[in-house]
Amino acid sequence: MKNRPGYFLSCVFIALLWSGMSHSAMSQEFPPKVPTPVEFMVGNNRMFFQMVVKKKFSPESKFGFLSVSSFSASYDNNKEDLDLAMPVLINYNIYKGFGLVGGTSINNAVGFAPLLGAQHSFANKEWVAVTVASVFLHSKRNVELFGIYEYKPSLSPKTSLYTRVQFLYIHSTRDDLHARSFLQLRAGLKMNALNFGLGANLDQYGPEKNFKPNYGVFVGWAFQ
């Protein structure tokens, strides 16, 4: 019950940010085409969905928005296997991809918290790399390290190899205990906006590091 006000405020915050970014993009005569990757994976234990939104407020702005929202659920509708992670971050670019971030994190394993941190991002035709280190501003004083790295070398004019490593580690500094972590692996092919292949999600929960692996096939689409 005590988390409902924070959750409601975060939803309002997201809506206002999205509205502001949409208005900024519409005001540009030639808005940049920044893709929004969406992925769905069917695994042996759970289904998984993820959407990555990374936008600048305007082409010249040093401020941007980042969210890597993910959701997973078991096929038997077991509430203990229901996962939600939704960071909502405003970033400020300082120099060549290095910047500061601030915002909120919603995670069913560790709850809701405001956070501050640092970010580095890099992207070209073959590589995408985003790393975020942050501190949760609540009583448990969690620290979080997040990374997403893609390698997409060309195999032909229309086809590329698609590989991705994505990880999260959250640690409670107050209790000196593991809170939540995962490692996600992807390997397949990319054809224009479409990518597909084999995937593995290796999740761990709580101080005991309860392990819940999920292996399957994924399909993704980069919306323009």
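Only this structure's heavy atoms are used, side chains among them; waters, hydrogens and symmetry mates stay out.
- Atom NZ of K190 is surrounded by more than 12 heavy atoms from other residues, nucleotides or ligands within 6.0 Å.
- Linking Ile, Leu, Val, Met, Phe, Trp and Tyr whenever their side-chain heavy atoms come within less than 4.5 Å leaves W221 and F218 in two separate clusters.
- In this structure, the separation between CG on L189 and NZ on K158 is 15.0 Å, given to the nearest 0.5 Å.
- From K152, atom NZ reaches atom OG1 of T159 across 14.0 Å, with rounding to the nearest 0.5 Å.
- The other residues sharing a hydrophobic cluster with L198 are V217, where clustering joins ILVMFWY side chains under 4.5 Å apart.
- A 6.0 Å sphere centred on CZ of F211 holds more than 12 heavy atoms belonging to other residues, nucleotides or ligands.
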| query | Given the rule in the ring-ring contact (aromatic ring centres under 6.0 Å, His included) test, do Y92 and F63 qualify, once you have shown the distances and angles that lead to the verdict? | reply | CA-CA 5 Å; Y92 178 78; F63 286 94; 4.9 Å; yes

| task | Start with the C-alpha gap between Y205 and H178, add the side-chain angles, then the distance that decides, and say whether ring-ring contact (aromatic ring centres under 6.0 Å, His included) holds. | result | CA-CA 8 Å; Y205 302 84; H178 169 274; 8.5 Å; no

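- For the pair Q50/V68, a side-chain contact is recorded, criterion being any heavy-atom separation below 4.5 Å from C-beta on.
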| task | Go through the steps to decide whether R164 and Q184 satisfy the test side chain to side chain contact (heavy atoms under 4.5 Å, CB included), and finish with yes or no. | result | CA-CA 8 Å; R164 187 173 89 237; Q184 297 176 7; 3.9 Å; yes

| field | ring-ring contact (aromatic ring centres under 6.0 Å, His included) between W127 and Y151, intermediate numbers included | value | CA-CA 5 Å; W127 287 94; Y151 179 50; 4.5 Å; yes

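- Atom CG of N142 sits about 10.5 Å away from atom OH of Y169, to the nearest 0.5 Å.
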| query | Given the rule in the side chain to side chain contact (heavy atoms under 4.5 Å, CB included) test, do S70 and M51 qualify, once you have shown the distances and angles that lead to the verdict? | reply | CA-CA 7 Å; S70 62; M51 180 172 68; over 6 Å; no

| field | Evaluation steps, side chain to side chain contact (heavy atoms under 4.5 Å, CB included), between F65 and I90 | value | CA-CA 5 Å; F65 174 85; I90 302 298; 4.1 Å; yes

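- Minimum interatomic distance between F48 and S72 (heavy atoms only, all atoms of both residues): CD1-CB, 4.0 Å.
- Looking at every heavy atom in both residues, S105 comes nearest to L115 through CB-CD2, 3.6 Å.
- For Q166 and E150, the side-chain atoms include no donor-acceptor pair closer than 3.5 Å.
- In summary, E39 and R186 engage in a salt bridge, as defined by a charged side-chain N under 4.0 Å from a carboxylate O.
- With contacts defined as side-chain heavy-atom distances shorter than 4.5 Å, the pair R46/N201 does not qualify.
- Linking ILVMFWY residues whenever their side-chain heavy atoms come closer than 4.5 Å, directly or via other members, places L194 and F223 in the same cluster.
- Residues S160 and L155 fail the side-chain proximity criterion, which asks for heavy atoms closer than 4.5 Å.
- Using modelled atom types, one finds no donor on one side chain facing an acceptor on the other under 3.5 Å when comparing Y149 with T163.
- With values rounded to the nearest 0.5 angstrom, F71 atom CZ is found 5.0 Å from M47 atom CE.
- Contact annotation: the side chain of F40 approaches that of V42 to within less than 4.5 Å [non-hydrogen atoms, C-beta and beyond].
- Atom CG of L168 and atom CD1 of I170 lie 4.5 Å apart (nearest 0.5 Å).
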| task | Evaluate side chain to side chain contact (heavy atoms under 4.5 Å, CB included) for H138 paired with F112, printing each intermediate quantity in order. | result | CA-CA 9 Å; H138 63 3; F112 166 85; over 6 Å; no

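- You'll find the side chain of K55 reaches within 4.5 Å of the side chain of T36, heavy atoms only.
- Residue L82 comes nearest to A73 through the heavy atom pair CD1-CB, 3.9 Å, listed as atom of the first residue, atom of the second, then distance.
- More than 12 heavy atoms of other residues, nucleotides or ligands sit less than 6.0 Å from atom CG of N124.
- A donor-acceptor pair shorter than 3.5 Å can be found between the side chains of S74 and D76.
- Considering only heavy atoms from C-beta on, V110 comes within 4.5 Å of F136 through its side chain.
- The cluster map of Ile, Leu, Val, Met, Phe, Trp and Tyr, joined by side-chain heavy atoms under 4.5 Å apart, puts F57 and L100 in the same cluster.
- For the residue pair M86 and S67, the shortest heavy atom distance occurs at CG-OG, 4.3 Å.
- Minimum heavy-atom separation, G188 to L161: O-CD1, 3.4 Å.
- In this structure, N107 contributes its side chain and G111 its backbone to no donor-acceptor pair below 3.5 Å.
- For the pair K125/S154, a side-chain contact is recorded, criterion being any heavy-atom separation below 4.5 Å from C-beta on.
- Side-chain contact between N214 and N44: present, with at least one pair of heavy atoms (C-beta onward) separated by less than 4.5 Å.
- T104 and L89 get closest at one heavy-atom pair: O-CD2, 4.3 Å.
- Ring geometry for F182 against F146 counts as perpendicular: the plane angle is over 60°, on a 0 to 90° scale with 30° as the lower cut.
- A continuous path of ILVMFWY side-chain contacts below 4.5 Å connects L183 to Y215, so both sit in one hydrophobic cluster.
- Placement of Y162 and M191 in two distinct hydrophobic clusters is found when ILVMFWY residues are connected by side-chain heavy-atom separations under 4.5 Å, directly or transitively.
- A salt bridge does not link K212 with D83: every distance from a Lys NZ or Arg NE/NH1/NH2 to an Asp or Glu carboxylate oxygen is 4.0 Å or more.
- Taken from OG in S121 to CG in N91, the straight-line distance is 7.0 Å, to the nearest 0.5 Å.
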